[in-house]
Student: 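One structure, pasted below without further comment.
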Amino acid sequence: MSAPAVTFSEDQAEAWDQIAAVLLAAGVDLTDGTCQPAPDDRRVTLAVMGKAGSGKTLLLAELTRQLQQAGVDLVSGEYEPRRQRETRRLAVLAPTNKAASVLRGRGVAATTIHRILYTPVYDPEYERIAEWLTGNIARPTIEGLADTALDRAQAFFEQVKSIPGALAAAGLRGSDFITGWKRRDDPLDIGFVDESSMLDARQLEDLQELFSTLILFGDPAQLAPVNQGGGMVFDSLPAPAQLTLNRIHRQAEDNPILDLAHALADPGLDFEEFESMVAEAARRDDRVHLAERVDSDLMARSPVLVWRNATRLRLIHAFRSAHNAPETELIPGEPLICDGLELPLKHRKKRIDLEARGLIKGAQVVYLGPGRKPGFSRLHIFGAEEPQISVASIIKIERDAEEEPFIPFAANMGAAFVHGAAVTIHKAQGSQWPDVQVFAPDLFAAARAGRSEGGVALWKRLAYVAITRAEHRLHWVIRNRLARPRETLGTEDLGAGPAPLQLSEGA
């Protein structure tokens, strides 16, 4: 097979060759950079498995680059040009907005599974700009847009291959050029799915229907979905379809956070020994911090990670109390987690619209303030390509696991939210933050409980997932205490004001 532009380890090179062979049988030749029409009767699913630092993302990114050089179109989920006959297409997907944004931050044009299942419908007039930018038609004349606006759109698109970004550079808003969303009615071709340990069996079936060649990238040491009985979707694949990356690469070898994560693979390691390793790492490297208490300022943008729901609720109450948040209302800057969409079946179009814009279950948002209508909230969605919206909301402030949540205000229907200053480690999968706080007393409780998952002590799986959420610094919190905030809660760090998306209750 062709030698890729980067230097791979032996296990990466072996995985590359096996994937390249599958792509060749599907009509895409990475050796000479050409592609043929896809066979009608060939469907293949592979899994590339490896722990943090094993190079899964590097392999995914290089495969994406080589496929594009071979003439395969990358489907971003934001705009698709009119398909040319026999065009080959690739989509790079992640289960959540945050996971997709992590990939985009590393130069891979990823989108969410929801965003690829539902495609945007563009206003015909403004779609002509998109067709021009993607090289399908001559430069158009658009009523109400000056030549200088089109020049700005073109200049933006030359730097960043984003149609919505280019249209925004021309002075348009999303509500101007996207009129709705529709369920994809034609299958795609090649699909790469990152963070595939988060997928359940139903999602895998949907993806296998959509893609004839599907390649999953996942970490077998993470936590399985709660409805999967401790297993992951790639466990069900035949052995030849499971490609394993074992080597931890040079760029990860001097990372104390990953060192701690990989130390958990030792079957003889107990919790006390591991916590001693954390303390030693903190003494020699400031990327690991042994914290006496939870930092309430960090909680505003990256939730503290816990195992038990009771701990989550207790820390949320402490956070709100520390910021003097009134019980009956939210204050701008409070973090929230989307808990789903409470919409009747007749509002299916609105559901598709909100999910495609990033409001899927588990999405992390920040409350910016009340909307113009009662029950509406202005929100910032982390990881979304158009992050700021106004939407009918049902916000639940949980007080105790045995009590009904308090609802400071709510629309009759809309997007439901719970507080996001603390989240369970299960829900944190697929996300990363620069600084991550792990509440160690909860992991100690898991160790004392003696539970296991997939033959591995549960506390080790929890610790592994929690630790690997940290991009730059790990805060290992050893006491059940909360530090007073040093800064006032606010929204200045989130940029411009919200887009005027409205979910009308009577629509």
Student: Using side-chain heavy atoms (C-beta onward) and a distance below 4.5 Å, is Leu103 in contact with Val92?
Tutor: yes
Student: From Ile215 CD1 over to Thr213 OG1, what is the distance, rounded to the nearest 0.5 angstrom?
Tutor: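 Taking CD1 in Ile215 and OG1 in Thr213, the distance rounds to 7.0 Å.
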Student: Apply the test side chain to side chain contact (heavy atoms under 4.5 Å, CB included) to residues Leu93 and Phe192: give CA-CA distance (whole Å), side-chain angles for both, the deciding distance (0.1 Å), then the verdict.
Tutor: CA-CA 6 Å; Leu93 311 177; Phe192 294 165; over 6 Å; no
Student: With side chain to side chain contact (heavy atoms under 4.5 Å, CB included) as the test, would you mind laying out the steps for Leu90 and Leu63 before giving the verdict?
Tutor: CA-CA 11 Å; Leu90 164 71; Leu63 284 164; over 6 Å; no
Student: Of the non-hydrogen atoms in Ile397 and Leu330, which two are nearest, and what is the gap between them?
Tutor: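 Shortest heavy-atom contact: CD1-CD2, 3.9 Å.
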Student: Could you tell me whether a side-chain N or O of Ser296 sits under 3.5 Å from a main-chain N or O of Ala483, the two making a donor and an acceptor?
Tutor: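 Pair found, side chain donor or acceptor close to backbone of Ala483.
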Student: Determine the interplanar angle of the Tyr122 and Phe177 rings, folded into 0 to 90°, and report it as parallel if under 30°, tilted if 30 to 60°, perpendicular if over 60°.
Tutor: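 The rings of Tyr122 and Phe177 lie parallel, inter-plane angle below 30°.
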Student: Looking at Arg65, is its backbone amide N or carbonyl O close enough to the side chain of Gln68 to form a donor-acceptor pair, meaning the two atoms are under 3.5 Å apart?
Tutor: no
Student: Between the side chains of Asp189 and Arg88, is the shortest nitrogen-to-carboxylate-oxygen separation below 4.0 Å, so that they form an ion pair?
Tutor: yes
Student: Does the pair Asp435 and His475 meet the rule for a side-chain hydrogen bond (donor to acceptor under 3.5 Å, both in side chains), with working shown?
Tutor: CA-CA 7 Å; Asp435 285 69; His475 303 256; 2.6 Å; yes
Student: Identify the residue among Leu305, Val304, Val306 that makes a side chain to side chain contact (heavy atoms under 4.5 Å, CB included) with Arg312.
Tutor: Val306
Student: Output yes when Arg320 and Glu327 qualify as a salt bridge under the 4.0 Å nitrogen-oxygen rule, no when they do not.
Tutor: no
Student: Establish, from distance only, whether the side-chain atoms of Ser197 and Asp219 form a donor-acceptor pair under 3.5 Å.
Tutor: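 Side-chain D/A pair, Ser197 to Asp219: absent.
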Student: Is the side chain of Arg451 donor-acceptor paired with the backbone N or O of Trp459 at a distance under 3.5 Å, no angle test?
Tutor: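 Between the backbone of Trp459 and the side chain of Arg451 there is no qualifying donor-acceptor contact (under 3.5 Å).
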Student: Any idea which heavy atoms bring Leu494 and Leu368 closest together, and the distance?
Tutor: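 For Leu494 and Leu368, the tightest heavy-atom pair comes out as CD1-CD2, 3.7 Å.
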Student: Side-chain contact test, heavy atoms from C-beta onward, threshold under 4.5 Å: evaluate it for Arg128 versus Glu131 and give yes or no.
Tutor: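 No, too far: nothing below the 4.5 Å cut-off.
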Student: Mind listing the side-chain donor-acceptor pairs of residues 465-472 below 3.5 Å, one per line with the distance, residues two or more places apart or on another chain?
Tutor:
unit_1: Thr468; atom_1: OG1; unit_2: Tyr464; atom_2: O; d: 2.8
unit_1: Thr468; atom_1: OG1; unit_2: Val465; atom_2: O; d: 3.2
unit_1: Arg469; atom_1: NE; unit_2: Val465; atom_2: O; d: 2.8
unit_1: Arg469; atom_1: NH1; unit_2: Ser431; atom_2: O; d: 3.1

Student: From Ile163 CD1 over to Phe156 CZ, what is the distance, rounded to the nearest 0.5 angstrom?
Tutor: 10.0 Å
Student: From Gln429 CD over to Thr96 OG1, what is the distance, rounded to the nearest 0.5 angstrom?
Tutor: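 Here the interatomic distance stands at 10.5 Å.
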Student: Taking the side chain as every heavy atom from C-beta outward, state whether Leu58 and Leu60 have any atom pair closer than 4.5 Å.
Tutor: no
Student: Just so I know, are the side chains of Val365 and Phe382 near enough to count as touching, which here means a heavy-atom distance under 4.5 Å?
Tutor: no
Student: Short question: side chain of Lys396, backbone of Ile407 - any donor-acceptor pair under 3.5 Å?
Tutor: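 No, the answer is negative, given that no donor and acceptor are paired below the 3.5 Å cut-off.
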Student: Going through the distances and angles, do Arg473 and Trp433 end up as a side chain to side chain contact (heavy atoms under 4.5 Å, CB included)?
Tutor: CA-CA 9 Å; Arg473 199 174 194 214; Trp433 299 270; over 6 Å; no
Student: Under 3.5 Å, side chain of Arg461 to main-chain N/O of Glu453, donor-acceptor pair present?
Tutor: yes
Student: Run the salt bridge (charged side-chain N to carboxylate O under 4.0 Å, His left out) test against Asp297 and tell me which residues pass, sequence neighbours left out.
Tutor: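 So Asp297 forms a salt bridge (charged side-chain N to carboxylate O under 4.0 Å, His left out) with Arg486.
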Student: I'd like to check Leu443 versus Trp476 (side-chain heavy atoms, cut-off strictly below 4.5 Å). Are they in contact?
Tutor: yes
Student: With a 4.5 Å limit on heavy-atom distance, are the side chains of Leu150 and Ile129 in contact?
Tutor: yes
Student: Side chains of Phe439 and Leu315: does their closest heavy-atom pair fall under 4.5 Å?
Tutor: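 Yes - at least one pair of side-chain heavy atoms lies under 4.5 Å apart.
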Student: Mind checking salt bridge (charged side-chain N to carboxylate O under 4.0 Å, His left out) for Asp123 and listing every partner two or more places apart, or none if nothing turns up?
Tutor: none
Student: Should Phe319 and His419 be marked as a ring-ring contact (aromatic ring centres under 6.0 Å, His included) after you check the CA-CA gap, both sets of side-chain angles, and the distance that decides it?
Tutor: CA-CA 10 Å; Phe319 171 85; His419 208 279; 5.8 Å; yes
Student: Minimum heavy-atom separation for Ala100 to Ala110, with atom names?
Tutor: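 Ala100 and Ala110 have their closest heavy atoms at O-CB, 3.9 Å.
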Student: Could you tell me whether the side chain of Gln437 and the main chain of Leu474 form a donor-acceptor pair under 3.5 Å?
Tutor: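 Not at all, since once roles are kept as given, no pair shorter than 3.5 Å links the two residues.
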Student: Can any side-chain N or O of Ser321 pair as donor or acceptor with the backbone N or O of His317 at less than 3.5 Å?
Tutor: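 No.
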Student: Measure from the side-chain N and O atoms of Gln242 to the backbone N and O of Phe234, and report whether any donor-acceptor pair falls under 3.5 Å.
Tutor: yes
Student: Dump the intermediate steps for side chain to side chain contact (heavy atoms under 4.5 Å, CB included) on Asp339 and Phe417, then the final yes or no.
Tutor: CA-CA 5 Å; Asp339 199 37; Phe417 299 92; 5.9 Å; no
Student: Leu359 and Ala415: which non-hydrogen atoms are nearest, and at how many Å?
Tutor: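 Minimum heavy-atom contact is CD1-CB, 4.0 Å.
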Student: When rounded to the nearest 0.5 angstrom, what is the spacing between CE in Met49 and CG in Leu243?
Tutor: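 Between Met49 CE and Leu243 CG, I get 7.5 Å after rounding to 0.5 Å.
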Student: Is any side-chain heavy atom of Leu264 less than 4.5 Å from a side-chain heavy atom of Lys460?
Tutor: yes
Student: Any sub-3.5 Å donor-acceptor pair from Glu334's side-chain atoms to Ile331's backbone N or O?
Tutor: yes
Student: Any sub-3.5 Å donor-acceptor pair from Asp442's side-chain atoms to Arg308's backbone N or O?
Tutor: yes
Student: Could you give the distance from CG (Leu67) to CG (Leu74), rounded to the nearest 0.5 Å?
Tutor: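 Between atom CG of Leu67 and atom CG of Leu74 there are 9.5 Å.
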Student: Would you find more than 12 non-hydrogen atoms of other residues, nucleotides or ligands less than 6.0 Å from Arg481 atom CZ?
Tutor: no
Student: On a heavy-atom basis, which atom in Ala421 and which in Pro335 lie closest, and how many Å separate them?
Tutor: N-CG, 3.7 Å
Student: To check you understand the geometry: which heavy-atom pair defines the closest contact between Tyr367 and Thr491, and what is its length?
Tutor: O-CG2, 3.9 Å
Student: Could you grab the distance from atom OG of Ser236 to atom CG of Leu204, nearest 0.5 Å is fine?
Tutor: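 Taking OG in Ser236 and CG in Leu204, the distance rounds to 6.5 Å.
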Student: Between Glu487 and Arg301, is there a side-chain N and carboxylate O pair less than 4.0 Å apart?
Tutor: no
